[in-house]
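Reading through the structure tokens given below for one structure.
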Amino acid sequence: MAGLPGAARARSASPGSPPALDGSFLLSPLGGLMGAQAVLGLLVWSLIAATTYHLHAAYGWVMFVSLFFWILTLLFFVTYLLQLHQKFYMIPWPLVLMIYNAVATVLYITAFVTCAAAVQPTSWRQWDYNRRAAASVSTGGQGRAEGWGSRRGHAGGVLLFQFFSCLTMITYGVSTFFSFRAWKGLGSNAATSQVTDHA
């Protein structure tokens with residue numbers, strides 16, 4: 001459990017003490033990856049929300065996956081940042097985090113593949129969808145967005161949230177790896193830890 005900050009003092013927090021910020025969690029690999037997942041997940045669902053995703057079931061699935069896991073990632077992030085996981089020490093947090101990251105990775109893979117497969121049938125027919133997707137690539141309202149309603153503008157908008165969806169999927173995969181290592185105790189066994197403790 002060395003991968004999770006504060007794992008050695010898992011039962012040291014008293015039930016009545018106020019939550020304290022854990023700065024070492026932000027510097028840990030899992031903390032950094034959770035922060036990246038929160039930012040990338042926000043980008044994915046906000047880019048999809050800027051389009052008419054409700055007209056296409058495939059993009060609705062991507063929206064569901066990205067928003068659902070963004071909210072859960074924020075909850076886990078706050079739980080670990082405020083050291084609330086120490087107050088509920090009976091829950092196997094490394095195992096819960098590993099399962100969460102593995103499920104998020106698998107569902108982000110399905111969302112990414114669904115989004116990639118849905119680009120071709122919906123790309124060039126609906127001009128309104130193309131226009132709104134192109135608006136997500138706009139330069140913040142300065143002038144007219146390049147490719148307003150054109151194939152190039154729509155492809156840029158769709159490729160943008162596909163790119164961020166792929167990055168988010170990769171961060172969840174890497175988090176699954178680190179969560180697995182934390183759950184397994186980084187590969188150390190009882191004999192090596194006893195030898196180093198008594199030496």
Side-chain angles (χ1 to χ4, degrees), residues 3-5 23-81 93-94 96-123 129-130 132-141 145-147 151-183:
L4 295 174
S24 63
F25 172 70
L26 291 175
L27 300 176
S28 71
L30 284 173
L33 285 168
M34 269 193 201
Q37 291 162 2
V39 170
L40 291 172
L42 174 67
L43 283 171
V44 171
W45 74 257
S46 63
L47 284 171
I48 295 172
T51 66
T52 54
Y53 69 91
H54 58 278
L55 297 177
H56 310 286
Y59 296 132
W61 171 248
V62 178
M63 179 68 165
F64 167 75
V65 169
S66 61
L67 191 57
F68 179 74
F69 284 111
W70 180 72
I71 290 170
L72 285 180
T73 298
L74 286 179
L75 290 175
F76 275 118
F77 186 73
V78 169
T79 299
Y80 276 97
L81 185 63
W93 287 104
V96 168
L97 200 59
M98 185 193 68
I99 291 171
Y100 166 73
N101 285 322
V103 168
T105 303
V106 169
L107 288 182
Y108 255 103
I109 288 171
T110 65
F112 176 72
V113 169
T114 302
C115 184
V119 169
Q120 194 61 21
T122 60
S123 290
Y129 182 76
N130 293 339
R132 291 177 186 248
S136 67
V137 214
S138 153
T139 58
E146 180 181 347
R151 291 181 180 193
R152 187 171 144 180
H154 173 70
V158 171
L159 288 176
L160 203 56
F161 70 75
Q162 280 183 329
F163 172 74
F164 287 121
S165 177
C166 183
L167 280 181
T168 309
M169 172 187 66
I170 290 169
T171 58
Y172 277 111
V174 173
S175 290
T176 303
F177 171 73
F178 283 118
S179 299
F180 177 76
R181 289 184 52 127
W183 176 59

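Position 1 is the first residue of the sequence; numbering continues from there. The shown structure was predicted, so the numbers you read here are calculated from the model rather than taken from an experiment.
In this structure, Met169 and Ile109 approach most closely via the heavy-atom pair SD-CG1, 3.2 Å. Considering all non-hydrogen atoms of both residues, Ala38 and Thr73 come closest at N-CG2, 4.2 Å. Taking all atoms of both residues into account, the shortest heavy-atom contact from Thr168 to Gly41 is OG1-N, 4.0 Å. Nearest heavy-atom pair, Ser179 versus Leu30, reported as atom, atom and distance to 0.1 Å: OG-CD2, 3.6 Å. Minimum interatomic distance between Ala104 and Tyr172 (heavy atoms only, all atoms of both residues): CB-CD2, 3.5 Å. Closest non-hydrogen pair, Val62 versus Ala111, comes out as CG2-O, 3.3 Å.
The side-chain heavy atoms of Thr171 and Val174, taken from C-beta on, include no pair separated by under 4.5 Å. Two residues are said to be in side-chain contact when any heavy atoms from C-beta on lie closer than 4.5 Å; Gln37 and Leu74 fail this criterion. Annotation: side chain of Phe68 is not in contact with side chain of Leu107 (no heavy-atom distance under 4.5 Å). By the 4.5 Å heavy-atom criterion applied to side chains, Tyr59 and Met63 are not counted as neighbours.
Exactly one residue among Phe164, Phe163, Phe69, Phe112 makes a side chain to side chain contact (heavy atoms under 4.5 Å, CB included) with Val44. That residue is Phe164.
Atom OG1 in Thr79 sits 10.0 Å away from atom CG in Leu72 (nearest 0.5 Å).
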* Asked: Yes or no on side-chain contact (heavy atoms from CB on, under 4.5 Å) for Met34 and Phe25, after CA distance, side-chain angles and deciding distance?
  -> CA-CA 10 Å; Met34 269 193 201; Phe25 172 70; 3.8 Å; yes

* Tyr108 vs Ser66, side-chain contact (heavy atoms from CB on, under 4.5 Å): CA-CA, chis, key distance, verdict -> CA-CA 8 Å; Tyr108 255 103; Ser66 61; 3.4 Å; yes

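Applying the side-chain contact (heavy atoms from CB on, under 4.5 Å) test to Leu67 and every residue at least two apart in sequence or in another chain returns Trp45, Trp70, Ile71.
Using bins of under 30°, 30° to 60° and over 60° for the plane-to-plane angle, the ring pair Phe180/Trp183 lands in the tilted bin. Between Tyr80 and Trp93, the ring planes lie perpendicular to each other; the angle is over 60°, past the 30° to 60° tilted range.
Judged purely by distance below 3.5 Å, without hydrogens or angles, the side chains of Ser175 and Tyr100 never pair a donor atom with an acceptor atom.
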